[in-house]
Structure formats: C-alpha cells, structure tokens
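Any value given below was found using the heavy atoms of this structure, including those in side chains, with hydrogens, waters and symmetry copies removed. None of the values given here were measured: they were computed from a predicted structure.
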Amino acid sequence: MALLNPGAVFSHQFNYIQFFLRLRVPLAMAAIVFSILRLGANFLGIEIAIRGVGDAAATHPITAMCLIGTGLSILRLNRFGQAPLWRYLLSGTIIAVCSTRLMQAELTQIVGAPMMDVFGPIAGFSGHFSIESALVLLAFAMAGLLRRGLGRWGIAFLVIGLATVFNTV
C-alpha cells in the first residue's frame, strides 16, 4: 500500500519526529527539577536509597549547574531562526568547564598531581565532578552548539552523549 502512496510513509516518520520534539520539554523540566532536588539533598546530607556506597554518587554543584543550564537551553529552543547569544555563551562555558575536568583527569594520572579542589567536595557538598558527567555534559553542549550550522556533527555528539549515559547506567 505504501508503494501506491509514498507520502504516507514519510508522514508516519514525521510523527515520530514531532513526538520527540514534544518530549524535549518535559525531559528538560525533569532535568532541572531533579538536579535542584538532588543538589539540595546533597547539601542537607539526606541519603537517597539509590545512592551508591561512599560519596562518589552525590551530585556535585558543577554538575547541577551544567544540567540546569542545559535544561534551560533546551526549554528556550527555537527550531527556526537565529539562536540567541546567551545559548552560545552557555554552551561554550559548559564545554570549557567539562574540557578542563577531562584534561585535568588525564594530566593528573600522567603527572601524578593531586586533583583540583574545585572538582572535589566543596562548601558542604559531598561527591566529585565525575569524568562520566563531564563527558556527557560536554557531548550535549557540543550537540547544542553545533546543531545550527553543522547538524550532522551535532547528532554525532548527541549519540556519543546518549551512548555514554546508557553505558554508565
């Protein structure tokens, strides 16, 4: 039947695209709300049942700020037209912070230097800014930054971020 009406196949595929475009708003809201709640629980010292042993699974403030920024960027996403300057600055800041964490992790293993204090437990918060979190946030920020001019590279970074999330889980 699809051979008689090839437009029916394409309209069915676009329904999936519309579904995922609508799904971005509740997922972005969930990322913002859960990062704020988890950051508050970390600061107050509340143990959550799914938290692992030790303080390695606690939400670090840098992770929470990057998640909130990424969520706000997704919420304010315009599909058409020029992206505002603040989105580029926000993505660039997230990329710089996450790149610093990844490079710092590699260099401390090579040189044997201690980890920078800003990526460890700070000001009443437990946990560390993990390498996996930095990699995922870096990939999502790069996907958001490259989605206008270099869309295929943006999709590649999005796939890298999603693969890292699923591999870590």
Side-chain angles (χ1 to χ4, degrees), residues 20-43 46 48 50-52 54-79 83-110 113-169:
F20 286 116
L21 285 174
R22 288 187 190 107
L23 191 62
R24 71 178 164 80
V25 173
L27 289 176
M29 289 293 291
I32 293 170
V33 169
F34 283 127
S35 63
I36 290 172
L37 289 176
R38 188 64 181 129
L39 188 63
N42 183 5
F43 184 71
I46 299 171
I48 296 178
I50 61 172
R51 181 175 166 179
D55 64 349
T59 301
H60 195 270
I62 294 176
T63 306
M65 287 187 285
C66 290
L67 279 172
I68 291 169
T70 304
L72 288 175
S73 180
I74 291 170
L75 282 178
R76 302 294 303 162
L77 178 71
N78 294 330
R79 289 187 58 206
L85 180 63
W86 68 268
R87 288 193 63 216
Y88 291 115
L89 294 175
L90 182 65
S91 295
T93 303
I94 293 171
I95 290 167
V97 168
C98 293
S99 298
T100 303
R101 173 62 179 122
L102 292 174
M103 289 302 295
Q104 182 263 336
E106 285 299 317
L107 293 177
T108 54
Q109 287 181 355
I110 293 171
M115 184 170 63
M116 293 172 59
D117 289 337
V118 72
F119 297 128
I122 54 172
F125 293 97
S126 61
H128 301 296
F129 183 43
S130 68
I131 297 170
E132 293 86 6
S133 297
L135 183 63
V136 168
L137 291 168
L138 175 76
F140 289 159
M142 286 294 291
L145 190 67
L146 296 175
R147 76 176 201 84
R148 288 286 180 199
L150 302 167
R152 291 182 181 165
W153 280 102
I155 291 172
F157 277 107
L158 185 63
V159 167
I160 290 169
L162 289 173
T164 305
V165 167
F166 289 128
N167 187 36
T168 303
V169 170

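- In this structure L146 satisfies the side chain to side chain contact (heavy atoms under 4.5 Å, CB included) test together with M142, L150, W153, F157, sequence neighbours excluded.
- Evaluation of the side-chain hydrogen bond (donor to acceptor under 3.5 Å, both in side chains) rule for S133 yields S130 as partners, not counting sequence neighbours.
- Taking the side chain as every heavy atom from C-beta outward, T63 and S35 never approach each other to under 4.5 Å.
- Between L162 and F140, the shortest heavy-atom distance links the atoms N-CE2, 3.9 Å.
- A search for side chain to side chain contact (heavy atoms under 4.5 Å, CB included) contacts involving A105 returns R101, I131, not counting sequence neighbours.
- Between the CG atom of L72 and the CE atom of M29 there is a distance of 9.5 Å, given to the nearest 0.5 Å.
- I36 is linked by a side chain to side chain contact (heavy atoms under 4.5 Å, CB included) to I32, I68, counting only residues two or more places apart in sequence or in another chain.
- Heavy-atom neighbours of F34 CZ from other residues, nucleotides or ligands within 6.0 Å: at or below the threshold of 12.
- The shortest heavy-atom contact between L39 and A64 is CD2-CB, 3.8 Å.
- Among all heavy-atom pairs drawn from T164 and E132, the shortest one is CG2-O, 4.4 Å.
- Contact record, I94 with L137: CG2-O, 3.9 Å, taken as the closest heavy-atom pair.
- Minimum heavy-atom separation, G71 to A28: O-CB, 3.7 Å.
- Contact detail for S73 and L90: the closest heavy-atom pair is CB-CD2, 4.1 Å.
- At least one side-chain heavy atom of L138 sits under 4.5 Å from a side-chain heavy atom of I95.
- The side-chain hydrogen bond (donor to acceptor under 3.5 Å, both in side chains) search around S91 returns none, not counting sequence neighbours.
- Residues passing the side chain to side chain contact (heavy atoms under 4.5 Å, CB included) test with I62, sequence neighbours excluded: H60, M65, C66, V97, V118, F119, F129.
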